[in-house]
Number of protein chains: 4
Amino acid sequence: MHHLLSENVQSGDWKNEKHVPVIQAPANVKKDETFELVISIGEEIPHPNTFEHHIKWIKAFFKPEGAKFPIEIATVSFDAHGESDIYSDYFGTVKTKIQGSGTLYALSYCNIHGLWENSIPIVCE
Amino acid sequence: MHHLLSENVQSGDWKNEKHVPVIQAPANVKKDETFELVISIGEEIPHPNTFEHHIKWIKAFFKPEGAKFPIEIATVSFDAHGESDIYSDYFGTVKTKIQGSGTLYALSYCNIHGLWENSIPIVCE
Amino acid sequence: MHHLLSENVQSGDWKNEKHVPVIQAPANVKKDETFELVISIGEEIPHPNTFEHHIKWIKAFFKPEGAKFPIEIATVSFDAHGESDIYSDYFGTVKTKIQGSGTLYALSYCNIHGLWENSIPIVCE
Amino acid sequence: MHHLLSENVQSGDWKNEKHVPVIQAPANVKKDETFELVISIGEEIPHPNTFEHHIKWIKAFFKPEGAKFPIEIATVSFDAHGESDIYSDYFGTVKTKIQGSGTLYALSYCNIHGLWENSIPIVCE
Ligand SMILES: [Fe+3]
Ligand SMILES: [Fe+3]
Ligand SMILES: [Fe+3]
Ligand SMILES: [Fe+3]
């Protein structure tokens, strides 16, 4: 009985569990300087991409050190799952800038296996 | 230090805390019969709606009793926060049908105060 | 050969063509006073809702009389198309307020039959 | 008096008009082989990124030659516009695969200046 949605958000090691969103960003970035942030699923273990079973979106958030609330940076929505045999891979690169160190989070959704999350620290000077 | 995004999802009593998404649905619904589901924020205590501070979206999920994963039902995105003095209220009615009892969840996002959640049980016969 | 996406947006009479989004709003609203706006698809002629063929979203826009650009009011995304036999109907009620007369627009997307649109005038005093 | 939303979608040369979404993809791709698709705004002439004025999203579509309807490939939503001085740049790389030549489209939205579009042909063998 999980009364909270957040208790239903799953995590794990993305090298073993294909649903876990992977976050790639430089370990160190400069204050107020644009950097690339990659959010993806399934690069190690591919996830199905069919009408019946697919990843719908990945969201990226950032929470500055000492802050209370995560800020939404970007959402990448994967919209083609076989229409005319067109497929959207579960991969997105976005660009952002921040003002200090903190934590990058990713939240993703599989239409069969629900919500998954991951996070990495990022140092910003 | 919250390493998991899900540890940053806040909850509370919507009568006292203006960010908590409110879920309204019939206490009892019939199997495979469409019902209305209302997701909203701030009906008791209004939340600001300005360029600098506003609610961006509410998502609704459902998890059948005994199931492991929540299924996304609908997302309502509030897109106008003062453009030409047009405002989107934090209110959405959607329609859905389910096959058995379970839990309805809402997840919402304030651009300043982060992620909030709520849930209610629903009986389906 | 349609070089512009906008040339691929289809319209028609929603009573005969099931893809056309229907917009329902009061014919007259008061300046700066919240009103309900219903966007839906298929109330006259139902549209399929299967993994392979479904409506994904409807967006609502408003353009004040004399203004140049439409403002996005809300997006309703229909996310369940048979997962655990849960279905999202193509229906959303949102609430908004405006400052003067103009045109309400809806834009919707079927994963097989592409983009569709509709509009209605609204008088605001 | 534009009764159709599609008549309000603007286009132009992205080198002179900062709102026009830029689409970058290989001129030639292989059938059923993943390629990178970049959608962005403002690389030549930067667009403001403030609470009051910003780009909210870019959508990418593909229409195969001879097909009637564009298929949505991906949506990139830019969600941070100054919250804690965090900013989302108007840039997204996604990955997709197609089965034949056609047209790639982008549709984007500025909260002040409305809807904009662009397209490029893509050869697929
Ligand atoms: Fe899965
Ligand atoms: Fe708030
Ligand atoms: Fe259709
Ligand atoms: Fe603009």
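Worth saying up front: this structure is predicted, and the values here are computed from it rather than measured. Note on naming: letters A, B, ... go to the chains in the order of the sequence lines (proteins, then strands), and numbering restarts at 1 for each one.
Taking the six-membered ring for Trp and thresholds of 30 and 60 degrees, D:H19 and D:W116 have nearly parallel ring planes, at less than 30 degrees apart.
Looking only at distances, no side-chain donor or acceptor of D:T103 sits under 3.5 Å from a matching main-chain atom of D:K63. The backbone N or O of D:A106 lies less than 3.5 Å from no partner atom in the side chain of D:N118, so there is not a single donor-acceptor pair. The backbone N or O of C:C124 lies less than 3.5 Å from a partner atom in the side chain of C:S101, making a donor-acceptor pair.
The side-chain hydrogen bond (donor to acceptor under 3.5 Å, both in side chains) search around D:E44 returns none, not counting sequence neighbours. For C:Y90, the side-chain hydrogen bond (donor to acceptor under 3.5 Å, both in side chains) criterion is met by C:N49, not counting sequence neighbours. Taking the side-chain hydrogen bond (donor to acceptor under 3.5 Å, both in side chains) definition, one finds that D:D32 meets it with D:Q99, sequence neighbours left out.
Within residues 70-81 of chain C, the residues having any heavy atom less than 4.5 Å from a heavy atom of chain D are, in residue-number order, C:P70, C:I71, C:E72.
Heavy atoms of D:I112 lying under 4.5 Å from chain C belong exclusively to its backbone.
Chain D forms the most heavy-atom pairs under 4.5 Å with one residue out of C:H113, C:E117, C:K56, and that residue is C:E117.
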